[in-house]
Every structure is written in structure tokens, then in C-alpha cells.
Number of protein chains: 2
Amino acid sequence: MASIFSRIVAGEIPSYKIAENEHYYAFLDINPVVKGHTLVIPKKEIDDFFDLEDDLLGGLIVFAKRVAKAIEKTIPCNRVGVAVIGLEVPHAHIHLAPINTMNDINFARPKLKLSQTEFADIAQRISANFE
Amino acid sequence: MASIFSRIVAGEIPSYKIAENEHYYAFLDINPVVKGHTLVIPKKEIDDFFDLEDDLLGGLIVFAKRVAKAIEKTIPCNRVGVAVIGLEVPHAHIHLAPINTMNDINFARPKLKLSQTEFADIAQRISANFE
């Protein structure tokens, strides 16, 4: 069965899209640790991040860099932190979160609750800064 | 002034080395969240992970994949998690941690205290599995 992320890529499940190209897709995490928390995935459905073949893995992090630069331009922060955990959805994904303190990327914290309008606004602004 | 990580690469400060090549260096974090917690860095001293040029960044994650595979072979785990935070040492570094639960990569937890013998043993075993 297709992962929830494959269904997002296919447009069967809606997402707040930031950017995509032939191989990768970036969209807002709907359970964000901070505003601007974004997921970057390969379109190819592979469970473990480190099972991606070298070219696809290297390309993924370079694509994530472009997304991170767009997040930094949009959300005031010290830098964009990265996490790959992968215990919940069996489709490799990189978390990108604009952070100012270590606690901003602590997944044990309660997640933010944002309205659809807020999500749409954040996605539109980050997407506009994607180069 | 050289970062603490540049001094480790130069051998001025000792480390429990896992692997290195021309561009990258991997060694145990001495404040580990779990046994096998490893740092992977570019030898070039760049503060922000996402300021690495594309080739160096892509190569870093592919090198980290080889280190992650060695960790997985050594330390029983569900998978190897990744974090890039970078608020403490101004030299880009990837945390790799063998995880079974989300909490295994929670940096807010108290760190493990290991003896020099334990660190040396873990480093030797992971290093022996590095390909």
C-alpha cells in the first residue's frame, strides 16, 4: 500500500506544498514543533533514509538545503535544524525546523496547533522564497 | 581560532575515531545520548551545515550513510537517527544515533556517562564494521 507521503505526492491527500522537482517533494509538517517545520522527502518510497542510493541521498540533502534557505528567509531564526527519525511513517523524510534554541527541535514537546489559514500563509511565504 | 572539531581532526585533541577520508571525519560524541552516538563532520571548518557547498554537503551525507551502516551492524537498533542542530560548536556536524524509540534521540535527556574503555571499545567495533 502506498505510504501517506506517496499519497501526498500523488495529490490524493492534500498538503501545504513548499516545493517539488522530479525526485523530491517538500511540504509543511501538520504537527509542527515550530512555525515553518517542513518535511522533505524523496518521491521514491523507501523506508530507511540510509537505504536511499547515494545519488538520490546526496540530491535529497542538496534539495533540502534549498528548502532550508527559503525557510531561513521567511522565519526569523538562528539556523535551520535537521532531524531524521523515521519511526512513524515508513517513507524516508527529513524534518527541517527553524531554530533558536535546542528546545525548538525537541520532538517530545507538545506540537503547535495552527489554523488552515496559518498553514497556508506560511507555506505560501516559504514557497515564494524557494530558489 | 580553530574550532574544537578542527583541533580533533588535526590530532591536537584526542577523539574516539570511527573513520575518515580526505574530506570527512567521524568520531564518537563524548556526551552521548545513546551508546554509538557519533558525529560526522567536514574537515573544512564551516559553521552552518547548509552553508556547505552542494558537492561537499552531498558527499558528507553519503559518508554519514557509510558510518550509519557501520553503527547499525554494531549496535542493535531499529535504525540510525540523524540530527543537525549546531547551536553549540560553530563547525557543521551531523549527529548519528542508533535508535529504537523517539526518546533515544532526545537531546534534552541526561547524557550517558561511559568510561574511556567503553568509548574505546565502541569506537573499535564500529570502526571495524566501516566499509
Side-chain angles (χ1 to χ4, degrees), chain A residues 23-24 31 33-34 38 40 42 46-73 77-109 111, chain B residues 23-24 31 33-34 38 40 42 46-73 77-109 111:
Chain A
H23 295 295
Y24 309 111
N31 291 303
V33 288
V34 289
T38 297
V40 185
I46 293 168
D47 174 3
D48 191 325
F49 179 70
F50 286 124
D51 285 338
L52 270 69
E53 53 260 53
D54 290 357
D55 284 357
L56 195 63
L57 180 66
L60 176 61
I61 202 73
V62 169
F63 184 79
K65 170 182 167 177
R66 293 169 60 198
V67 176
K69 294 294 175 191
I71 294 171
E72 266 179 354
K73 277 190 195 166
C77 61
N78 178 293
R79 63 189 60 210
V80 171
V82 177
V84 180
I85 303 173
L87 296 169
E88 292 180 346
V89 178
H91 186 146
H93 52 289
I94 299 176
H95 295 267
L96 296 178
I99 60 174
N100 291 294
T101 72
M102 197 85 86
N103 207 33
D104 289 337
I105 196 162
N106 178 356
F107 288 86
R109 286 171 72 198
K111 302 302 186 291
Chain B
H23 297 296
Y24 310 110
N31 292 303
V33 289
V34 289
T38 298
V40 185
I46 293 167
D47 174 2
D48 191 325
F49 179 71
F50 286 124
D51 285 339
L52 270 70
E53 53 262 52
D54 290 357
D55 284 356
L56 196 63
L57 181 66
L60 176 61
I61 202 74
V62 169
F63 184 79
K65 169 182 166 178
R66 293 170 59 201
V67 175
K69 294 296 177 192
I71 295 171
E72 266 178 355
K73 277 190 195 166
C77 61
N78 178 292
R79 62 188 61 211
V80 171
V82 177
V84 180
I85 303 171
L87 297 168
E88 292 180 345
V89 178
H91 185 145
H93 52 288
I94 299 177
H95 294 268
L96 297 179
I99 60 173
N100 290 295
T101 71
M102 197 84 88
N103 207 34
D104 289 336
I105 196 162
N106 178 355
F107 288 86
R109 286 171 73 198
K111 301 303 185 291

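This one's a predicted model, so the numbers in the text were calculated from it and none came from an experiment. Here is the naming used below: chain letters follow the sequence lines, and residue numbers restart at 1 for every chain.
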*asked:* Given heavy-atom pairs under 4.5 angstrom as the criterion, report whether the side chain, backbone, both or neither of A/D104 touches chain B.
replied: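 Neither part.
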*Can you say whether A/L96 sits under 4.5 Å from chain B via the side chain, the backbone, both, or neither, judging by heavy atoms?*
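Contact with chain B: side chain only.
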Kindly compute the distance separating [atom1] ([X]) from [atom2] ([Y]), expressed to the nearest 0.5 Å.
X	Y	atom1	atom2	answer
B/T101	A/L87	OG1	CG	7.5 Å
A/N106	B/N106	CG	CG	4.5 Å
A/I85	B/M102	CD1	CE	5.0 Å

_Would you say that B/D48 contacts A/E72 through its side chain, given a criterion of any heavy-atom pair below 4.5 Å between the two side chains?_
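Counting from C-beta outward, B/D48 and A/E72 do come under 4.5 Å.
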_Backbone of B/L52 reached by a side-chain donor or acceptor of A/K65 within 3.5 Å_ =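 Present.
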*Closest approach of A/K69 to B/D51 (non-hydrogen atoms, all atoms of both residues)*: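 Looks like NZ-OD1, 2.5 Å.
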*For A/G58 and B/I61, work out which heavy atoms get closest and say how close.*
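Shortest heavy-atom separation between A/G58 and B/I61 comes out as CA-CG2, 3.9 Å.
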*Should the heavy atoms of other residues, nucleotides or ligands under 6.0 Å from CG of B/N103 be counted, would the total exceed 12?*
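Yes, CG of B/N103 has more than 12 neighbouring heavy atoms, counting only those of other groups under 6.0 Å.
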*If you count the non-hydrogen atoms of other residues, nucleotides and ligands that lie under 6.0 Å from CG in B/D55, is the total more than 12?*
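Counting other residues, nucleotides and ligands, CG of B/D55 stays at 12 neighbours or fewer.
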*Give the intermediate values and the outcome of side chain to side chain contact (heavy atoms under 4.5 Å, CB included) for residues A/F50 and B/V82.*
CA-CA 10 Å; A/F50 286 124; B/V82 177; 3.6 Å; yes
*Please report the C-alpha distance between A/V84 and B/R79 in whole Å, then the side-chain angles of each, then the deciding distance to 0.1 Å, and finally whether the side chain to side chain contact (heavy atoms under 4.5 Å, CB included) criterion is met.*
CA-CA 10 Å; A/V84 180; B/R79 62 188 61 211; over 6 Å; no
_Is B/N100 close to chain A through its backbone or its side chain, or both, or neither, when contacts mean heavy atoms under 4.5 Å?_
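Contact with chain A involves the backbone of B/N100 alone.
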